[in-house]
Protein chains: 2
Amino acid sequence: MGRQSGTDADGQRRSTVTDVARRAGVSTATVSRVLNRNYPVAAATRERVEKAIQELGYVVNAHARALAGVSGRTVGIIVNDVVDPFYAYIARGVEREASRGGRLCLVCCTQGDPQRELAFVELMHERRADAVIVVGGSVADRAYTDELARRATELDADGSKLVLCGRPPLGERVPTASVEYDNEGGAFALTDHLLTQGHERVLYLGGPPGLSTTRDRLAGHRRALELRGAEPDSALEQPGAFSRAFGARRMAEVLRQGIRFTAVFAANDIVAAGAAQALEEAGVRVPQDVSLVGYDDVPVAQEMRPRLTTVHVPLEEMGRQAVRVALRDEDEDPWREPATGVVRLGTHIVVRDSVAPRGTHRGRM
Amino acid sequence: MGRQSGTDADGQRRSTVTDVARRAGVSTATVSRVLNRNYPVAAATRERVEKAIQELGYVVNAHARALAGVSGRTVGIIVNDVVDPFYAYIARGVEREASRGGRLCLVCCTQGDPQRELAFVELMHERRADAVIVVGGSVADRAYTDELARRATELDADGSKLVLCGRPPLGERVPTASVEYDNEGGAFALTDHLLTQGHERVLYLGGPPGLSTTRDRLAGHRRALELRGAEPDSALEQPGAFSRAFGARRMAEVLRQGIRFTAVFAANDIVAAGAAQALEEAGVRVPQDVSLVGYDDVPVAQEMRPRLTTVHVPLEEMGRQAVRVALRDEDEDPWREPATGVVRLGTHIVVRDSVAPRGTHRGRM
DNA sequence: ATGAAAGCGCTAACAA
DNA sequence: TTGTTAGCGCTTTCAT
């Protein structure tokens, strides 16, 4: 026998389909049918049932419904931090697309801890989320990757899907969906833009060293350098973090050390904002003395003065696509071509006011 | 008979406690006991069960568990927009506190539409969320308020709680919890600060006119004006929206119209950022020509140049308190004093660089 | 320490 | 068009 009384402090049992049925003088099946409006019910009956529902303040129990075989209509999204605009915009896309499909969104924040990420994937699986979306770069740790792959497989076995949003695949054999963006290409274009303007010594600033996002951006940057025959200099690569504080601090240090450069490639716009501050405090003018670029094209890029040249990443669209790619088998009509499970979105450089041609620079070189 | 096959495309039934029990040679009760580690189980038995769980890739079904009477361990939060830092910081607090208690967070965005808000409250009730937190100012529409009150009552009847976070109560009789902050007081302090610096004509800029948040801030502003005997001037009250775009646009218009003022009280920091931009473009210097203040103390306030004087609102803490106040009956030990169900947090002015004494101003008056 | 079995609230197959 | 009823997967009481 179940253990709970089914009554609350007031002795008021919360109402169930059975209560509604009794009050309306119909069967539970009929109540279910008016609830789900997926089956013909006589108008008069329907009204009686709806009246009973009103009077009892009845609210259907989604757990019971899910247990009876109906989708829980939930998608899960796992991000580093909801406050970071990179994640926030993706989360917004996920929420909007989920909402459009009548789904609710479970949101978790890992604060950068892979173990928390794995734990959250599990919790969302327990809740039988229709899809679990993990967002943003990942570390290349083997044990972690294997474990995530295992969970992806288990999710898949339960008819759900792990979606990789902005991070590399888990391997050919692992059943996942994924949304990618051209990270390397954007970085290439950005550095190429700088090179074209005559800059040869470009400082690469920020981004956690182990992260796939950093790897890809740095790879694009290096490829452009190489292509133009600019000589690489490890002193010009200063990864670290994706924070404003890091950008400001490391920029100041680099200035103090007297490392020579005429342009700064910040790993993202937030880092660029920090760098801009340090530059300003050191009396270095952007773009007259030093050119500065960022990445992501989040609002701060337009709000900075000078406005920041950066790479546009379609963050909100990535979020939307993440839920689409995971759910199209469930929602769309079956005559559509079978989904590939991978969508790749483009990036493009947005030229604003923070880059000037090398020729106009003074000092620092 | 249930209608679904219980098998997926591969004919692989997903495993259940029964499968685990069979494989481990124990009963489902025993499996449940090792799952919940709330009851003594022989070490050897436990190991066999855990092995079976591993081998089958078994993941407990939270719906079944919830239906059997265990809390779903979910809290719901409803915000305007996850990207807006005001909401994002509160959401972060909610997520962290929920997570601390082993709960997951359902997040919905209303995009400012009260009807969507009501619909989301219902959906979260269906999912039997332990608490449903509605965040931010509300409109004073009676039909809407009544409906929300009704839903609060129904939630309460199911042992859950509607939490009002940063908005006025729904009435004495309506069972809700709430987290308030001293909105009026912060506005009072801010305008008083301006007045003390010799400003007499203060432009109030932004904030949706119908919103409780705007009402409270405006009320504090007016009270300070009155107290200091500054004469009110309706031309100096320019509500509208909480966006950067509004701040920039309306600021430019006001400048064009030649309305006289020496200080601007922006309804929040985002509006202040927009106003700052318009001011800059018009060649009006902050704070030399015009003083500027904001509200909320979100990061942009520190990032602006000059750094923005504003009112600090403990956003993340509000989020944390929202889940605490709703859940302390469930989680805390019963000997604690009974919760009041209302927590009120203070605000304080943060003086930075965007205000100068009236004496140093030139022009505009 | 373990097992048997009822029941949580709902949906849908089947019967009428 | 409506009713009857099995069963979704789990927890817990009660018995052993």
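All values below come from the heavy atoms of this structure, side chains included, with hydrogens, waters and symmetry mates left out. Chain A is the first sequence line, chain B the second, and so forth, proteins listed ahead of strands; every chain is numbered from 1. Please read these numbers as outputs of a predicted model, since none were measured by experiment.
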Check the distance between [N]'s [atom2] and [X]'s [atom1] and give it to me in whole angstrom.
X	N	atom1	atom2	result
Asp158(B)	dG9(C)	CG	C1'	12 Å
His125(A)	dG9(D)	NE2	C1'	13 Å
Arg48(B)	dA1(C)	CZ	P	15 Å
Glu126(B)	dG9(C)	CD	P	15 Å
Glu47(A)	dT2(D)	CD	C1'	17 Å
Arg73(B)	dT11(D)	CZ	P	14 Å
Ile53(B)	dG9(D)	CD1	P	16 Å
Arg65(A)	dC10(D)	CZ	P	21 Å

We want to know whether Ser99(A) and Arg116(B) form a side-chain donor-acceptor pair, criterion being a heavy-atom distance below 3.5 angstrom.
yes
Checking Asp130(B) against Ser71(B): is there a side-chain donor and acceptor pair closer than 3.5 Å?
yes
Strictly distance-based, threshold 3.5 Å: is any side-chain N or O of Ser160(A) a donor or acceptor partner for the main-chain N or O of Ala129(A)?
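Judged by distance alone, yes, a pair lies under 3.5 Å.
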Is there a donor-acceptor pair closer than 3.5 Å between any side-chain N or O of His63(A) and the backbone N or O of Ala64(B)?
no
Less than 3.5 Å between a donor and an acceptor, one on the side chain of Arg128(B) and one on the base of dG9(C), is that the case here?
no
State whether the distance check finds a donor on one side and an acceptor on the other, under 3.5 Å, for side chain Arg33(B) versus base dG3(C).
yes
Is [X] close enough to [N] that one of its side-chain N or O atoms is under 4.0 Å from OP1 or OP2 there?
X	N	value
Thr45(A)	dT1(D)	no
Asn61(B)	dC8(D)	no
Ser32(B)	dC10(D)	no

Closest to the [X] side chain, choosing from [options]:
X	options	result
Val41(A)	dC8(C), dT2(D), dG7(D)	dT2(D)
Ala42(A)	dG9(D), dG3(D), dT2(D)	dT2(D)
Leu67(B)	dT11(C), dT2(C), dG9(D)	dG9(D)
Thr30(A)	dT2(D), dC10(D), dT11(C)	dT2(D)

Among Val79(B), Val107(B), Ile133(B), which one satisfies side chain to side chain contact (heavy atoms under 4.5 Å, CB included) with Val94(B)?
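Considering Val79(B), Val107(B), Ile133(B), a side chain to side chain contact (heavy atoms under 4.5 Å, CB included) with Val94(B) is found only for Ile133(B).
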Candidates Arg324(B), Arg92(B), Gln321(B) - the one meeting side-chain hydrogen bond (donor to acceptor under 3.5 Å, both in side chains) with Glu97(B)
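Exactly one pass, corresponding to Arg324(B).
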Taking for each residue the nucleotide of DNA chain D with the nearest heavy atom, is it Leu35(B) or Ala43(A) whose nucleotide lies nearer the 5' end?
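Result of the comparison: Ala43(A).
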Sugar-phosphate only, base, or nothing, as touched by Ala29(B) at under 4.0 Å among non-hydrogen atoms:
base
With heavy atoms under 4.0 Å as the rule, sort Val31(A) into base, sugar-phosphate or nothing.
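No contact at all - Val31(A) keeps every heavy atom at 4.0 Å or more from the nucleic acid.
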Want to settle it: does Tyr39(A) or Ser27(B) sit nearer the 5' end of DNA chain C, counting the closest nucleotide to each?
Ser27(B)
